[in-house]
Amino acid sequence: MKNKRKYLGSRLTVVMLAVITLFTSCNKNDEAFSSRKVSFNSDWSFHLNDSIVDKDTIGAATKWRTLNVPHDWSIEGKFDEKSPAGYGGGSLNGGLGWYKKTFKVAAEDSTKITSITFDGVYKNSEVWVNGHYLGKRPNGYIGFQYQISQYLNYGEKNNEIIVKVDNSKQPNSRWYSGSGIFRNVWLETTDKLHVAEWGTYVTTPKVTTEKAAVSIETTIQNQNKEAKKATVTTTIFKEDKKVATEIENITINANASQTLKQLAEVENPILWSDEKPELYTAVTEISLDDKIVDQYKTTFGIRDFKFDLDKGFILNGKQVKIKGVCMHHDLGPLGSAINTRAIERQLEILKEMGVNGIRTSHNPPAPELLELCDKMGFIVMDEAFDMWKTNKTKYDYANDWEKWHKKDLTDQLLRDRNHASIFIWSIGNEIPDQWSETGVQIAKELAGIVRSIDKTRPLTAAMNPPVNMNIDEVTLQFEKKNVQINPIAASGVLDLIGYNYAHQTYEHHKENFPNKAFIATETTSGLETRGYYDNVSDVVKKWPVRWDLKFTDGNPGNTVSAYDQVQAPWGSTHEATWKVVKKHDYLSGMYIWTGFDYIGEPTPYEWPSVSSYFGIVDLAGFPKDVYYMYQSEWTDKTVLHIFPHWNWKAGQTVDVWAYYNKADEVELFLNGKSVGIRSKKGDDLHVMWRIPYQPGTLKAISRKNGKTVLETEIKTAGNPENLKLTTDRSTIKADGNDLSFVTVDILDANGTLAPNANNEINFSLKGNGKIVGVCSGDPVSHESYKGSKHTALNGKCLVIVQSSAKSGRLELTAKANGLKSATIVITTE
């Protein structure tokens, strides 16, 4: 966890050089230091008010259950057509919940400062310690901290913390929010002289390949009753190697804070990039009389970047196209309860596709996401708000805007500004106020807050659109007449002009905004159900016809074709927008709506659909076919992907698509007979054959200069007979948090995926672990994500296994009527 404080025991009284040497030798082994920021996630008691008898209080008769946080109680509920959250909120209920925990604090800590930190509680959290009220935070997405030293019992006497979480007023979100203490909780103990919460600010004002200037601003708090003379030593490490040290002596008054600025030089810096995300660590130590009383770690990256009017995004002198996706905060079947491995898996899947950017739509993300983006190399747009003063839903954040927006934005910036992965701040998404002078004034206020805290990154807003959409309905071309500029875009307050959709206007950006760089903040909104296909495939459909009209057409079972042929009316197909962004250097990049499907907002449908169709990857983490179009365009991998499956009615005409790269042509064979050679023409991103179905084998061969590049084939599947289990990792940590994601495939007797199989699969687990999620990626499924059974979608299903704190062997078994069962072993250690 970033910014952990570590305290070297007082029994070690050493000169500063020895301390630095000790840290250098033990940097890999954090046990050499006693951590001062510890997890506070385990052994909470939880109660969900489930009747009017409960009202909003708890008492001696309240029934509690024990659990660990992070926790999302909404994901445990049943899908409900009448849920006040609506289908936009995933048709899962909110409510009012209570958490409590008893804990002890060592007697020797009575002279120190103890704080409780919550990374996020959705929403309207109120906190008490030993009956003392600490405060309220309405915003569920931003972290907050309370000092609790003065209310604690020290020694053997227990302490009690109570957290009230009120998510009962619905709807308050346009997507699934989740409910509860859904991010991590920490107990932090420091000396009275310490680095403040989010108290460092590391920047690199000058970067070359030979030398980098590193500026470290550190806010130090003295909560003693007398002034203190201290030594502040900041040491910069690259892994185990010390690369720079700055030492400063300070005097800080009683009950005061002071900001110290140190400037270091790093010789021959290893620069952070999306391809090689190299990180450094600044370790700030505060010493009194040669004894270290506080230690604070800040991870950062050294990189140089700009958004250029002509060349787009330049990173370390190299032109880089931002190939990003938007992501909501839920983790599919795990709900909104944060899990580091689950986020990492999502990012791994996206990296394989060629993604190098993440937009945190539309709120401050979990710290763990940003830490992983730092380590894995993603260009992050960190977004603050989905609304300002004007509501989008009845009970949303607009009701808290006046009192809380300054505090929430300030805290987000202070918390996040050291992350190497963050390159853009976004102050809002599709804000209703954007069309008024009031909105301009708010934008200027927010921009002032951002620039007072961080001047190193450009500022944008996701506007819909920056210019009015004069689109000819016949040619779908932007008409350069009577152009009206969005008031916020026209105000000059933004550094980047952020486009939500409106891809027809991109090629006119330099005419409309000659002095402002471009970023596509949100694009595409293509729609697909994994594994379902409409024929004919080359007809583009707008579902719904207009954003404000109820959708009355569609497919049986609320399905959407997985050919790239269905779009929301405000968006485009996947190919259409990428063709434009790919074409021009000055178009710095795009963030596609969305990387993964998410719970809620099931456009174009309403109930019984409960999750989205926008994702390039479905809710279970299984790629849809368009994933391979991007992989063929965005990576150096050699790609040849043909679809759809090959189980159809005899004589039915079927469209076969191929995504490919590094080849001149693709030849398709049906049962050994060629049905033609296809090559991409112009800006084509796929090729297609329209052929009558015959059972058997489809085989594709891609060639370059007449030589075979790749071969792939799809076979007609027989009747489903077998289950196959495949885990993403067969060995996981025995820490009570780690996860193994197990894919379940339904196969015929020859091992071919049965693409129309929708069997109900039952799961059982032996050993010290538990099943924490099941999912098929079906947007219409109402089966619990927290059960031990689930119905597959088009031959596939997912089950998620979590370790316990005990090492050993986990044995997962899957069974389904009429199919042979399967078992897989997962080792925890």
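Note that these values count all heavy atoms, side chains included, but never hydrogens, waters or copies made by symmetry.
Summarising the geometry, atom OH belonging to Y613 is positioned 13.5 Å from atom OG1 belonging to T594; distances are rounded to the nearest 0.5 Å. Note that NZ of K680 and CD of E665 are 12.5 Å apart. Values are rounded to the nearest 0.5 Å. In this structure, CE on M688 lies 4.5 Å from CG on D655, to the nearest 0.5 angstrom. Here CD of Q504 is found 10.0 Å from CD of E507. Values are rounded to the nearest 0.5 Å.
Atom NZ of K789 sits in a sparse spot, with 12 or fewer heavy atoms from other residues, nucleotides or ligands closer than 6.0 Å. Environment of CG in D636: sparse, with no more than 12 heavy atoms of neighbouring residues, nucleotides or ligands closer than 6.0 Å. More than 12 heavy atoms of other shown residues, nucleotides or ligands fall within 6.0 angstrom of atom NZ in K704. Counting non-hydrogen atoms of other residues, nucleotides and ligands closer than 6.0 Å to CG of N817 gives a total of 12 or fewer. No more than 12 heavy-atom neighbours from other residues, nucleotides or ligands sit within 6.0 angstrom of NZ on K815. Enclosure of atom NZ in K699 is not indicated, since only 12 or fewer non-hydrogen atoms of other residues, nucleotides or ligands lie within 6.0 angstrom. Atom NZ of K715 is surrounded by 12 or fewer heavy atoms from other residues, nucleotides or ligands within 6.0 Å.
Y693 does not carry K649 over the face of its six-membered ring by the limits of under 6.0 Å from the centre and within 45° of the normal. In this structure, K351 is positioned above the aromatic face of F378, its NZ or CZ under 6.0 Å from the six-membered ring centre and within 45° of the axis.
We find that K318 and E275 are joined by a salt bridge, their nearest charged nitrogen and carboxylate oxygen being less than 4.0 Å apart. Ion pairing between a basic and an acidic side chain is recognised when a charged N comes within 4.0 Å of a carboxylate O; D778 and R530 show no such pairing. A salt bridge does not link K796 with D618: none of the charged nitrogens is closer than 4.0 Å to a carboxylate oxygen. Looking at D585 and K321, no side-chain N of the basic residue comes within less than 4.0 Å of a carboxylate O on the acidic one, giving no salt bridge.
Counting heavy atoms from C-beta outward, T521 and M381 have side chains that approach closer than 4.5 Å. When side chains are defined from C-beta on, R690 counts as touching T653, because their heavy atoms get closer than 4.5 Å.
The aromatic rings of H574 and Y630 sit perpendicular to each other, their planes meeting at more than 60°, with 30° as the lower class boundary. Between F313 and F423, the two ring planes are perpendicular [angle over 60°; tilted spans 30° to 60°].
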